[in-house]
K.L.:
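Encoded as structure tokens, here's the structure I'll be asking about.
Naming: A, B, ... by sequence-line order, numbering from 1 per chain.
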Protein chains: 2
Amino acid sequence: MASMREPGPSLRGRGGRPALPRRTPAAPDRREQVRAAAVELFAAQGYRDTTVDQIGERVGIRGPSVYKHFRSKQELLADIVVGTADLLLGAQRAAVRSATDVREQLRRAVEAHVRVHAEHAREAFVGSREIGSLAEPHRSAVLRKRAEYDRRLRRVVETGVREGVFAVDSPRLAAYGILDMGAGVAGWFRPGGPVSQDELATFYAELALRMLGVRPARKR
Amino acid sequence: MASMREPGPSLRGRGGRPALPRRTPAAPDRREQVRAAAVELFAAQGYRDTTVDQIGERVGIRGPSVYKHFRSKQELLADIVVGTADLLLGAQRAAVRSATDVREQLRRAVEAHVRVHAEHAREAFVGSREIGSLAEPHRSAVLRKRAEYDRRLRRVVETGVREGVFAVDSPRLAAYGILDMGAGVAGWFRPGGPVSQDELATFYAELALRMLGVRPARKR
DNA sequence: CCTACCGATCGGTAGG
DNA sequence: CCTACCGATCGGTAGG
């Protein structure tokens, strides 16, 4: 499924528009502003408790005008949740591909996992909490993506165990633990806080490797 | 705050009631049934998307009759969320008190954490996802309880580091990781599945100790 | 992008 | 514990 996050080039950069009188000039990336407002509100109040009027208010328009940018409140949610799932999947794929050593693959996959959950904390938060608010076929699509995401990390763990690099009794449970630990970041991480995204990613990857029985590299 | 989970002795065991005709005899623990139905529905559909009629339907009564057992839908939610917070706090307190060795305190606290999130998976799930749906003063009360819960585990970790039993760069982040890892269990654990609660609790406690730099006990 | 407005849903109450 | 019903909220549409 293609990412639903691109505003589309047709909405901007189209010079030569006649200077007709307009009460409120359309901001070129109004669609993106609406999406961002929805992310914040859905994260803070939940999808169901957020009204279209509130979303509009955040970007200085009326509720019904939101429908100029999204077909429905549902589509807005789907854009956010599906988008986040794709972001995670892409980051994970790139991470695993960037190394051949399982230990390094695991480390980078966890770092990517944590980084996305920190950098896109609110989106990721909405993406996991509001799956149930998604109508079909989006819900099933996202569940499939998440299952694939989990499976891929699990495979890295299993490969490491097979190669004798990792040592855990249950690769599956260990993978769940690692994933949930990282996903939890979306619930409390705030940019500008005491820890940076990178520090957090590095630290959590180290914790994950420890969970898998890998000795921490001796510090010099 | 006192637990809100007791049906109260006045609702049962009161013999000598005249055998008047009744269309639907009140089940002695109807209140508990209503609560259980609400837990399932809130977990599956979310608080906002669950109607009082649905809750009633699950126990064979009409929506308005739910108000014979709970003052409002809000009170039903508060009962669940506050109850779970108290359950966790109590289990953690008992766990930490049951040992003097930090390593053992940590192990038991994590086991308790995981066991509650497995045994009361749906309640714990609702308890963490629907905090935002809670009205004041319940919301603040629960947030305080959760903060205390987190702080207590963090203290065990910090004590272990101070004593040289644990070795982690950031006790705070490690504690978050451990807590989120265990809380995640509520999202996927199903009784009767491939792993038992005890196996899971034991395994996760072992993972937590590894995260803290404790060598796994050599298996004979 | 706006105002006016429709239709459906739903928590809660009245009064048995 | 039930039926009848009120009142408020809200997503979405009409028609500029």
Side-chain angles (χ1 to χ4, degrees), chain A residues 7 10-12 14 17-35 37-38 41-42 44-80 130 133-135 138, chain B residues 7 10-12 14 17-35 37-38 41-42 44-80 130 133-135 138:
Chain A
S10 61
L11 293 179
R12 30 159 67 200
R14 277 280 195 78
R17 186 169 48 204
L20 292 175
R22 265 208 202 209
R23 279 221 298 264
T24 313
D29 51 355
R30 188 46 64 88
R31 182 183 158 96
E32 198 49 42
Q33 291 176 20
V34 170
R35 186 184 185 279
L41 289 165
F42 291 167
Q45 318 176 340
Y47 174 73
R48 248 329 266 289
D49 284 319
T50 298
T51 71
V52 173
D53 278 23
Q54 289 176 327
I55 296 170
E57 192 178 16
R58 278 235 174 181
V59 298
I61 62 179
R62 299 289 176 174
S65 299
V66 166
Y67 292 88
K68 279 283 161 188
H69 304 282
F70 290 90
R71 237 185 296 277
S72 65
K73 193 185 165 193
Q74 254 301 309
E75 188 190 287
L76 200 35
L77 177 66
D79 186 301
I80 293 163
E130 303 290 359
S133 302
L134 229 39
H138 289 305
Chain B
S10 61
L11 293 179
R12 28 161 66 202
R14 277 281 195 79
R17 187 169 47 205
L20 292 176
R22 264 207 205 211
R23 279 223 297 265
T24 313
D29 50 357
R30 189 45 64 84
R31 182 182 158 96
E32 198 49 43
Q33 290 176 22
V34 169
R35 187 185 186 278
L41 289 165
F42 291 168
Q45 318 176 339
Y47 174 74
R48 248 330 267 286
D49 285 319
T50 298
T51 69
V52 174
D53 278 23
Q54 290 176 325
I55 296 170
E57 192 179 16
R58 278 237 176 179
V59 297
I61 62 179
R62 299 289 176 174
S65 299
V66 165
Y67 292 88
K68 278 284 159 184
H69 305 282
F70 290 89
R71 237 183 296 275
S72 66
K73 194 185 164 192
Q74 255 300 312
E75 189 191 286
L76 201 35
L77 178 67
D79 185 301
I80 294 163
E130 303 290 359
S133 301
L134 229 40
H138 289 305

K.L.:
Between Gln74(B) (CD) and dC10(C) (C1'), how many Å, whole number?
P.N.:
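Roughly 15 Å, once rounded to whole Å.
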
K.L.:
Would you sort out whether Val52(B) and Leu76(B) count as a side chain to side chain contact (heavy atoms under 4.5 Å, CB included), showing the intermediate values?
P.N.:
CA-CA 10 Å; Val52(B) 174; Leu76(B) 201 35; over 6 Å; no

K.L.:
Round to a whole Å and report the spacing from CZ of Arg62(A) to C1' of dG16(D).
P.N.:
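Atom CZ in Arg62(A) sits about 16 Å away from atom C1' in dG16(D).
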
K.L.:
Check whether any side-chain N or O of Gln54(B) sits under 3.5 Å from a backbone N or O of Thr51(B) as a donor-acceptor pair, and report yes or no.
P.N.:
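Here the side-chain-to-backbone pair exists.
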
K.L.:
Can you check the Asp53(A) CG to dG11(D) C1' distance for me, whole Å?
P.N.:
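One finds 9 Å between C1' of dG11(D) and CG of Asp53(A), rounded.
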
K.L.:
Nearest to the Ile61(B) side chain among dG12(C), dC2(D), dC2(C), which nucleotide is it?
P.N.:
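Selected nucleotide: dC2(D).
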
K.L.:
Measure from CG on Asp49(B) to C1' on dG11(D) and round the result to the nearest Å.
P.N.:
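Between C1' of dG11(D) and CG of Asp49(B): 13 Å.
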
K.L.:
Establish, with yes or no, whether the OP1 or OP2 oxygen of dC1(D) is under 4.0 angstrom from a side-chain nitrogen or oxygen of Arg30(B).
P.N.:
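Yes, within the criterion.
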
K.L.:
Pick the nucleotide of DNA chain D nearest each of Ser65(B) and Tyr67(A); which residue has the one closer to the 5' end?
P.N.:
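Closest to the 5' end, via its nearest nucleotide, is Ser65(B).
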
K.L.:
Closer than 3.5 angstrom, by distance alone: can the side chain of Gln74(B) be matched with the main-chain N or O of Ala135(B) as a donor-acceptor pair?
P.N.:
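Yes, because the side chain of Gln74(B) sits within donor-acceptor range (under 3.5 Å) of the backbone of Ala135(B).
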
K.L.:
Determine the stems involving DNA chain D; a stem requires 3 or more consecutive pairs of the Watson-Crick or G-U wobble kind, each with both distances below 3.5 Å, and the answer is none if no such run exists.
P.N.:
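Stem list for DNA chain D: C:1-16 with D:1-16.
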
K.L.:
Distance check, rounded to the nearest 0.5 Å: Thr50(B) atom OG1 versus Ile55(B) atom CD1?
P.N.:
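With rounding to 0.5 Å, OG1 (Thr50(B)) is 6.0 Å from CD1 (Ile55(B)).
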
K.L.:
Could I get the full list of salt bridge (charged side-chain N to carboxylate O under 4.0 Å, His left out) partners for Arg48(A), not counting sequence neighbours?
P.N.:
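So Arg48(A) forms a salt bridge (charged side-chain N to carboxylate O under 4.0 Å, His left out) with Asp49(B).
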
K.L.:
Can you list the residues that meet the side-chain contact (heavy atoms from CB on, under 4.5 Å) rule with Ser65(B), with sequence neighbours excluded?
P.N.:
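Result, side-chain contact (heavy atoms from CB on, under 4.5 Å) vs Ser65(B): Ile61(B), Arg62(B).
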
K.L.:
Do Glu130(B) side-chain atoms and Tyr47(B) backbone N/O form a donor-acceptor pair below 3.5 Å?
P.N.:
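Indeed, once roles are kept as given, a pair shorter than 3.5 Å links the two residues.
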
K.L.:
Report the distance from atom CD1 of Ile55(A) to atom C1' of dC10(D), rounded to the nearest whole Å.
P.N.:
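My rounded result for the distance is 12 Å.
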
K.L.:
Is the distance from OP1 or OP2 of dG11(C) to the nearest side-chain N or O of Lys73(B) less than 4.0 Å?
P.N.:
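For dG11(C), OP1/OP2 do have a side-chain N/O of Lys73(B) under 4.0 Å.
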
K.L.:
Please encode protein proximity along nucleotides 4-9 of chain C as a string of B, S and -, counting only heavy-atom distances under 4.0 Å.
P.N.:
B-----

K.L.:
From CD of Glu57(B) over to C1' of dC1(D), roughly how many Å is that when rounded to an integer?
P.N.:
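In whole Å, dC1(D) C1' lies 16 Å from Glu57(B) CD.
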
K.L.:
Rounded to the Å, how far apart are Lys68(A) NZ and dG15(D) C1'?
P.N.:
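My rounded result for the distance is 11 Å.
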
K.L.:
Holding to side-chain contact (heavy atoms from CB on, under 4.5 Å), I want the full list of residues that pass it with Glu57(B), two or more places apart in sequence or in another chain.
P.N.:
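Partners of Glu57(B) under the side-chain contact (heavy atoms from CB on, under 4.5 Å) test: none.
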
K.L.:
Between Asp79(A) and Arg31(A), is the closest basic N to carboxylate O distance under 4.0 Å?
P.N.:
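The answer is yes: the pair qualifies as a salt bridge.
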
